[in-house]
Amino acid sequence: MTHSLSASEARRIALAAQGFTQRRPRVPGTRHLHDAMARMGATQIDSVNVFARSHYMPFFSRLGDYDTGRLDALFFEPDGPYVEYLAHAATLLPISDWALFRFRMDAYRDRHASAPAAWSVQHPGTIEWVRAELAARGPLRAAEIEQDAAGGARGPWWDWSAVKHAVEHLWRCGEVAVTERRGFERRYALAEHVIPTEVLASPVPRDEAIRELIRRAARAYGVGTAADFGDYYRLRGREAVQRAIGELVDAGELEPVTVSGWERGDRPLPAWRHRDAVLPRESTASTILTPFDPLVWFRDRAERLFDFHYRIEIYTPEAKRRFGYYSLPVLQGERLVGRVDLKADRRTSTLLAQSAWWEPDAPPGAGERLGAVLREAAAWRGLESVSIGHRGDAADDLARAMPDAARHAGRG
């Protein structure tokens with residue numbers, strides 16, 4: 001039997017699954033960070049630091065003002081409980097999940113080994129030397145390997161990009177892991193020196209791993225389509241995804257549903273609800289999202305779930321940007337009601353709202369709610385004030401809601 005959900009019910013299920021309907025702790029601590037990570041399963045890393053690096057933001061969106069030093073200690077210190085790998089894009093995930101991606105590591109190695117033009121095939125000596133350096137001297141930053149190569153006259157093929165090529169290849173193959181970051185620069189080590197022995201010794205077969213990853217994606221989303229679940233961990237094999245969904249349906253873990261407005265042509269789009277998914281009566285969330293938050297990182301789902309068309313514009317020439325360099329979706333209640341382009345001006349200790357825009361159905365009072373979020377965001381980033389630009393149909397509303405904020409000539 002296939003149950004039906006309204007669009008509103010699907011949104012509330014999705015928000016609850018991602019932790020947005022939870023009551024925020026008064027003082028978020030390490031346990032709350034672990035709990036948020038458990039709900040998401042993975043958090044995407046991005047180097048853009050115009051407001052805050054992306055992996056910090058999902059925790060702010062769910063918990064509010066928290067100490068990012070606690071997150072650094074969890075994510076980037078040696079012997080921590082999390083590790084980096086290509087789970088979605090470059091993501092942080094529980095170190096125990098390393099074995100679930102053995103099939104991806106092996107596929108990458110096999111694909112490159114069978115391609116005569118692949119860099120790794122063309123430069124086996126480089127890779128072997130970097131591997132030996134990490135075995136003898138690791139953990140090491142790429143720059144430290146580079147310096148040793150330059151000073152030791154190891155060969156005519158050595159330059160900085162060769163070192164980076166080699167450690168990147170070994171990381172993707174699962175031979176190397178990131179043991180820590182300092183100033184966002186990775187320090188690499190052989191995987192056997194980072195990943196627990198019991199995890200390395202227990203690789204998960206491909207079909208079993210895909211089924212487990214689909215199970216986790218469905219739990220993290222609450223409700224979704226095959227494309228939604230497959231994208232969460234970037235699973236490309238459509239047949240394998242559908243087979244895993246079928247097995248989870250047979251096991252009673254997924255329930256077929258239809259969602260109002262989710263159609264392909266004139267037919268309902270097949271969807272499934274996780275058996276543990278909760279349908280809250282309402283969502284009172286009010287926050288901003290990174291472009292790489294799991295709630296919106298799959299743009300097709302964001303548009304289907306929230307009727308919110310979103311594209312990041314950091315790679316768009318300034319003259320062609322519509323909403324701004326780093327516009328962040330604005331979540332209020334169960335809707336994405338707008339977007340705001342934020343920049344932390346650390347020299348003047350000011351949070352700059354470069355531009356602000358409403359969606360067509362933005363509710364009354366949205367400016368006041370967004371203003372409160374920006375004050376909290378400024379405090380979280382250690383900034384003393386907020387200044388609002390003039391670009392966007394929400395800019396004046398925001399300024400009226402924040403009479404103590406300055407105004408500036410906005411750029412996007």
Side-chain angles (χ1 to χ4, degrees), residues 15 18 20 43-62 89 285-346 350-363 366-378 380-381 383 386-399 401-402 405-412:
L15 289 164
Q18 283 287 313
F20 286 100
T43 186
Q44 186 169 336
I45 304 169
D46 189 76
S47 62
V48 175
N49 196 26
V50 63
F51 166 59
R53 286 197 170 107
S54 186
H55 54 277
Y56 292 123
M57 281 202 60
F59 300 89
F60 171 76
S61 300
R62 289 155 177 79
S286 183
T287 192
I288 50 177
L289 306 173
T290 170
F292 308 111
D293 192 290
L295 193 67
V296 296
W297 65 13
F298 186 31
R299 309 303 191 215
D300 290 352
R301 174 178 170 86
E303 190 159 0
R304 184 177 355 102
L305 192 63
F306 296 104
D307 194 23
F308 187 78
H309 179 79
Y310 182 67
R311 297 293 183 270
I312 192 169
E313 296 181 347
I314 58 177
Y315 307 113
T316 303
E318 182 175 336
K320 295 184 178 181
R321 291 179 197 142
R322 181 180 177 191
F323 296 113
Y325 178 80
Y326 203 62
S327 67
L328 308 178
V330 176
L331 174 66
Q332 293 184 4
E334 65 179 62
R335 302 304 301 254
L336 296 177
V337 302
R339 59 198 88 197
V340 59
D341 181 24
L342 296 184
K343 178 180 179 179
D345 186 337
R346 295 168 181 87
T350 303
L351 177 61
L352 304 178
Q354 307 277 65
S355 64
W357 309 81
W358 295 134
E359 289 296 287
D361 57 353
E368 286 76 11
R369 295 183 73 181
L370 178 55
V373 170
L374 295 192
R375 289 190 182 93
E376 183 182 38
W380 175 58
R381 300 309 297 154
L383 303 172
V386 177
S387 182
I388 303 166
H390 293 270
R391 289 193 64 232
D393 60 4
D396 289 344
D397 290 342
L398 188 56
M402 304 180 71
R407 301 298 299 268
H408 67 275
R411 298 182 61 190

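Here, residue 1 is the first one in the sequence, and each next residue gets the next number.
Going from atom CZ of Arg391 over to atom CG of Asp341 covers 8.0 Å, rounded to the nearest 0.5 Å. Within the model, atoms OG of Ser355 and CZ of Arg321 stand 10.5 Å from one another, a figure rounded to the nearest 0.5 Å.
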Exercise. Step by step, would you call Gln354 with His408 a side-chain contact (heavy atoms from CB on, under 4.5 Å)?
Worked result: CA-CA 8 Å; Gln354 307 277 65; His408 67 275; 3.2 Å; yes

For this session: Please assess Met57 against Thr287 for the test side-chain contact (heavy atoms from CB on, under 4.5 Å), listing each intermediate value before the final yes or no.
Result: CA-CA 10 Å; Met57 281 202 60; Thr287 192; over 6 Å; no

For this session: Please test His55 against Gln44 for side-chain contact (heavy atoms from CB on, under 4.5 Å), starting from the C-alpha separation and ending with a verdict.
Result: CA-CA 6 Å; His55 54 277; Gln44 186 169 336; over 6 Å; no

For this session: Go through the steps to decide whether Leu295 and Phe306 satisfy the test side-chain contact (heavy atoms from CB on, under 4.5 Å), and finish with yes or no.
Result: CA-CA 10 Å; Leu295 193 67; Phe306 296 104; 4.0 Å; yes

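Using a 4.5 Å cut-off on side-chain heavy atoms (C-beta onward), Glu313 and Ser327 make no contact. Put simply, the side chain of Phe323 does not reach to within 4.5 Å of the side chain of Val340, judged on heavy atoms. Side-chain contact between Leu336 and Tyr310: absent, with no pair of heavy atoms (C-beta onward) separated by less than 4.5 Å. When side chains are defined from C-beta on, Tyr326 counts as touching Ser54, because their heavy atoms get closer than 4.5 Å. Leu383 is not listed as a side-chain neighbour of Thr350, based on a closest heavy-atom distance of 4.5 Å or more.
Nearest approach of Ala353 to Leu342, heavy atoms of both residues: CA-CD2, 3.9 Å. Closest approach of Arg346 to Val50, counting heavy atoms only: NH1-O, 4.2 Å. Summarising the geometry of Leu328 relative to Pro291, their closest heavy-atom pair is CD2-CD, 3.6 Å, with the distance given to 0.1 Å. Among all heavy-atom pairs drawn from Tyr325 and Ile314, the shortest one is O-CG2, 2.8 Å. Closest approach of Leu398 and Gly367 over heavy atoms only: CD1-O, 3.8 Å. Closest approach of Ala395 and Gly389 over heavy atoms only: CB-O, 3.5 Å.
Remark: Arg369 engages no residue in a salt bridge (Lys or Arg N to Asp or Glu O under 4.0 Å) (not counting sequence neighbours). Taking Glu359 as the reference, Arg339 meet the salt bridge (Lys or Arg N to Asp or Glu O under 4.0 Å) condition, with sequence neighbours excluded. Residues forming a ring pair (Phe, Tyr, Trp, His ring centres under 6.0 Å) with Tyr56 (at least two apart in sequence, or on another chain): none. For Trp380, there are no side chain to side chain donor-acceptor pair (under 3.5 Å) partners, not counting sequence neighbours. Residues passing the ring pair (Phe, Tyr, Trp, His ring centres under 6.0 Å) test with Trp297 are His88, Tyr232, sequence neighbours excluded. In this view, Asp300 and Phe298 satisfy the side-chain contact (heavy atoms from CB on, under 4.5 Å) rule, not counting sequence neighbours. Residues that satisfy the salt bridge (Lys or Arg N to Asp or Glu O under 4.0 Å) test with Asp396, not counting sequence neighbours, are Arg407. For the salt bridge (Lys or Arg N to Asp or Glu O under 4.0 Å) test, residues two or more places apart in sequence or in another chain that qualify with Glu376 are Arg24. In this structure, the side-chain contact (heavy atoms from CB on, under 4.5 Å) partners of Arg311, at least two apart in sequence or on a different chain, are Arg299, His309. Ala377 meets the side-chain contact (heavy atoms from CB on, under 4.5 Å) test with Phe51, Phe60, Ile288, Leu351; sequence neighbours excluded. Considering only residues two or more places apart in sequence or on other chains, Ala285 meets the side-chain contact (heavy atoms from CB on, under 4.5 Å) condition with Phe20, Ser283, Leu331.
Around the CG atom of Asp307, the shell of radius 6.0 Å holds no more than 12 heavy atoms that belong to other residues, nucleotides or ligands.
Using modelled atom types, one finds a donor on one side chain and an acceptor on the other under 3.5 Å when comparing Trp358 with Asp397.
Residue pairs meeting the salt bridge (Lys or Arg N to Asp or Glu O under 4.0 Å) criterion with at least one member in residues 50-62, sequence neighbours excluded, are Arg62-Asp293.
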